[in-house]
There are 2 protein chains.
Amino acid sequence: MRYHRRDVVERAIEVLDEYGLESLTMRRLAAELGLQPSALYHHVPNKQTLLAAIADEILARGKRERRAAEWDRRVVEICAELRDAMLAYRDGAEVVATAHTFGLGASEPATQLREALRDGGLDGDLVEVGTRALLHLVFGHTAEEQAALQAASAGAIDRDPGGPGDFEQGIELLLDGLRSRVRR
Amino acid sequence: MRYHRRDVVERAIEVLDEYGLESLTMRRLAAELGLQPSALYHHVPNKQTLLAAIADEILARGKRERRAAEWDRRVVEICAELRDAMLAYRDGAEVVATAHTFGLGASEPATQLREALRDGGLDGDLVEVGTRALLHLVFGHTAEEQAALQAASAGAIDRDPGGPGDFEQGIELLLDGLRSRVRR
DNA sequence: ACCTGAACACCGTTCAAGT
DNA sequence: ACCTGAACACCGTTCAAGT
C-alpha cells in the first residue's frame, strides 16, 4: 500500500479522536498505517507540521453555510462554527489552539472574521485587534471547555464545563465593544 | 546536598528561562541539580504538577502593588501585571496558559479579577463569564506575542509581535461590554 | 526524608539502502 | 516516489535498596 499526505492526515485524526493527543505519536501513527516510523517523513517534514495540517483539516470539516446577513450575527456564526468544529474531535481544541499560538493554521477563520469586522465599518487597526481577540476567546474558551468535559467524563466532577451559553455571552461582550467603535 | 520542593521549582524556572520549555525535561533538571532523575519524584508527583507550580511561581514573582481606585482601571492593571509576569521568562506565557487550560494554577489572578468585576456591580453570572473571557484574552494574546517575539529573535520576521497597545485595546473592548452591563 | 541505580516502556528524527 | 531497517539521542516514571 502506498499512501499520500492526505491519507496520513486523515488517519492521524482518527488516532487523535480515538486515543487522544498524548497517544498520537509518529510511531503509533506509522504502526496504524502499517509503516515504519521513518516512512512518515516522506509525507510530512515533522510532527509540528502534521499537527498544523490536522488543525486545518478539523476546521475544514466543520465548515457550514453562512446564513446571517448582519456583520455582528455573522461573527457569532463564525465563532460558533469554530467551537463546534473543535469539539467534534477529542483534543481538537488543544490541537487547533496550539497551532494558532505558533502562527500555524486557522488562517481561514481569521480571514472570515476580518471580513465581517470590515463589513461592520471598523477601522483597519480595530479589525486586526478585534479578530485576534475573538480568536483568543474562542480558542481559550473551547480548549478549557473540552478539557473540563474530558476530565468530567474521566471521573472528577471538577468545574462546570462552561457550555454554549457562557461561550456566546463572552463573544457578545466583545461585540459590544466592537459595535460601539463602528465609525459613522 | 538535600533539596526541597521550592529548590526544585526555582531551578526549573532557571532552566526554563535559559534553555526553553522544550529543554525543560525531568532528566535535564535532575542533572542540573546533580541528582538522579528518580530523586525529583520525591519532591513532585509528576511533571505536570511541576509545570503548574512553575506557572504559579512565575505569576507570584510578577506581583505588584494595586494602585487604581476604579474597578475597570484595576482590571487593566491586573491584566497588565499578568502579561508582564509571563513575558519575564522564556516560554512563560505558554507554561501559564497551558496550566490554566487544564484547570491548574492562576487561581489568584482569577480571584482578583472576580473581585474587581463584583466591585463594579456586575451580576454573579457576568462576573464569571467576564473573568474567564479576560483571562483567555490575556493568556492567548501574551502566548502569541511571546511566540512571535521568540520567532523573530530566532530569525524569521514572521508577523508583528502585537505589543502592549494591541493588548490594552483588546482588554478595553471587553471592558466596554462589561461596563454597559453594570446594573444600576 | 531524601537519594541512588537500574530498569521499563517508550519518544522524534536521520540516513543508507531497496523497488 | 515511497518505503524498510537500523541507529542515535533522547524521554517520564517506577521501584528496590541505601543512609
Side-chain angles (χ1 to χ4, degrees), chain A residues 1-55 90-91 94-95 98-99 101-102 104-105 147 150-151 154-155, chain B residues 1-55 90-91 94-95 98-99 101-102 104-105 147 150-151 154-155:
Chain A
M1 263 212 233
R2 300 211 138 190
Y3 296 108
H4 296 90
R5 187 190 157 103
R6 99 187 61 90
D7 305 310
V8 172
V9 174
E10 275 168 21
R11 186 73 111 169
I13 292 182
E14 286 173 28
V15 174
L16 175 72
D17 196 41
E18 198 157 354
Y19 306 101
L21 181 56
E22 74 171 19
S23 293
L24 177 56
T25 67
M26 297 299 271
R27 286 168 179 275
R28 173 76 185 257
L29 176 58
E32 208 83 22
L33 290 161
L35 294 176
Q36 295 294 318
S38 51
L40 295 177
Y41 292 86
H42 199 87
H43 303 285
V44 134
N46 52 48
K47 190 179 181 179
Q48 199 193 168
T49 305
L50 173 63
L51 287 169
I54 291 171
R90 166 129 73 132
D91 292 327
E94 207 194 329
V95 172
T98 303
T101 298
F102 293 103
L104 304 167
Q150 287 171 181
Chain B
M1 263 214 231
R2 300 213 138 190
Y3 296 108
H4 298 89
R5 187 189 157 103
R6 98 187 61 88
D7 306 310
V8 172
V9 174
E10 276 169 20
R11 186 74 107 165
I13 291 181
E14 286 172 29
V15 174
L16 176 72
D17 196 40
E18 199 157 351
Y19 307 101
L21 181 56
E22 74 170 20
S23 295
L24 178 56
T25 67
M26 297 298 269
R27 285 169 179 275
R28 172 77 185 257
L29 175 58
E32 208 84 20
L33 289 160
L35 295 175
Q36 294 294 317
S38 51
L40 295 177
Y41 292 86
H42 200 85
H43 303 287
V44 132
N46 50 50
K47 191 178 180 180
Q48 197 192 171
T49 305
L50 173 64
L51 287 170
I54 291 171
R90 163 127 77 132
D91 291 328
E94 207 193 329
V95 172
T98 303
T101 298
F102 295 102
L104 304 166
Q150 287 170 181

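Values reported hereafter were calculated over all heavy atoms of this structure, with side chains retained and with hydrogens, waters and symmetry mates removed. Throughout, protein chains are lettered first and strands after them, A, B, ... in sequence-line order, and every chain is numbered starting at 1.
Between the CG atom of A:L40 and the C1' atom of C:dG12 there is a distance of 11 Å, rounded to whole Å. As a whole-Å value, the separation of A:L33 CG from D:dC3 P is 9 Å. Between A:Y41 atom OH and C:dC11 atom P the separation is 12 Å, expressed in whole Å. Going from atom CG of A:L50 over to atom C1' of C:dT13 covers 14 Å, rounded to whole Å. For B:K47 and D:dT14, the NZ to P distance is 15 Å, given to the nearest whole Å. Atom CG in B:L29 sits roughly 12 Å away from atom P in C:dC3 (whole-Å rounding). Between the NE2 atom of A:H42 and the C1' atom of D:dA1 there is a distance of 5 Å, rounded to whole Å. Residue A:R2 contributes atom CZ, which lies 6 Å from atom C1' of D:dA1 at whole-angstrom precision.
Not a single donor-acceptor pair, N or O on each side, falls under 3.5 Å between the base of C:dG12 and the side chain of A:T25.
The partner of C:dC3, taking Watson-Crick or G-U wobble pairs whose two distances both stay under 3.5 Å, does not exist in any strand shown. The nucleotide D:dA17 finds no pairing partner, because no Watson-Crick or G-U wobble arrangement with both distances shorter than 3.5 Å includes it. When both pairing distances are held under 3.5 Å, D:dC11 makes no Watson-Crick or G-U pair with any nucleotide shown.
Each of B:L35, B:I13, B:L40 was checked for a side chain to side chain contact (heavy atoms under 4.5 Å, CB included) with B:V8, and the lone residue meeting it is B:L40.
Here, D:dC3 and C:dA16 have their C1' atoms 13 Å apart, quoted to the whole Å. The gap from the C1' atom of C:dC15 to that of D:dC2 amounts to 15 Å, rounded to the nearest Å.
At least one side-chain nitrogen or oxygen of B:H4 sits closer than 4.0 Å to the OP1 or OP2 atom of C:dC2. Contact annotation: A:Q36 reaches the phosphate of D:dG5 (side-chain N/O to OP1 or OP2, under 4.0 Å).
Closest to the A:H43 side chain, of the nucleotides C:dC3, D:dG12, D:dC3, is D:dC3. The nucleotide whose nearest atom lies closest to any side-chain atom of B:N46 is, among C:dG12, D:dT4, D:dT13, D:dT13.
Distance check, rounded to the nearest 0.5 Å: CG of B:L51 to CG of B:L24 gives 6.0 Å.
Comparing A:M26 and B:A39 by the nucleotide of DNA chain C that holds the closest heavy atom to each, the one mapping nearer the 5' end is B:A39.
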**Request:** Begin with the C-alpha distance, continue with both residues' side-chain angles, and end with the deciding distance and a verdict on salt bridge (charged side-chain N to carboxylate O under 4.0 Å, His left out) for B:E32 and B:R28.
**Result:** CA-CA 6 Å; B:E32 208 84 20; B:R28 172 77 185 257; 3.5 Å; yes

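The two residues A:N46 and A:M26 make their nearest non-hydrogen contact at C-CE, 4.4 Å.
Heavy atoms of other residues, nucleotides or ligands lying less than 6.0 angstrom from CD of A:E10 number more than 12.
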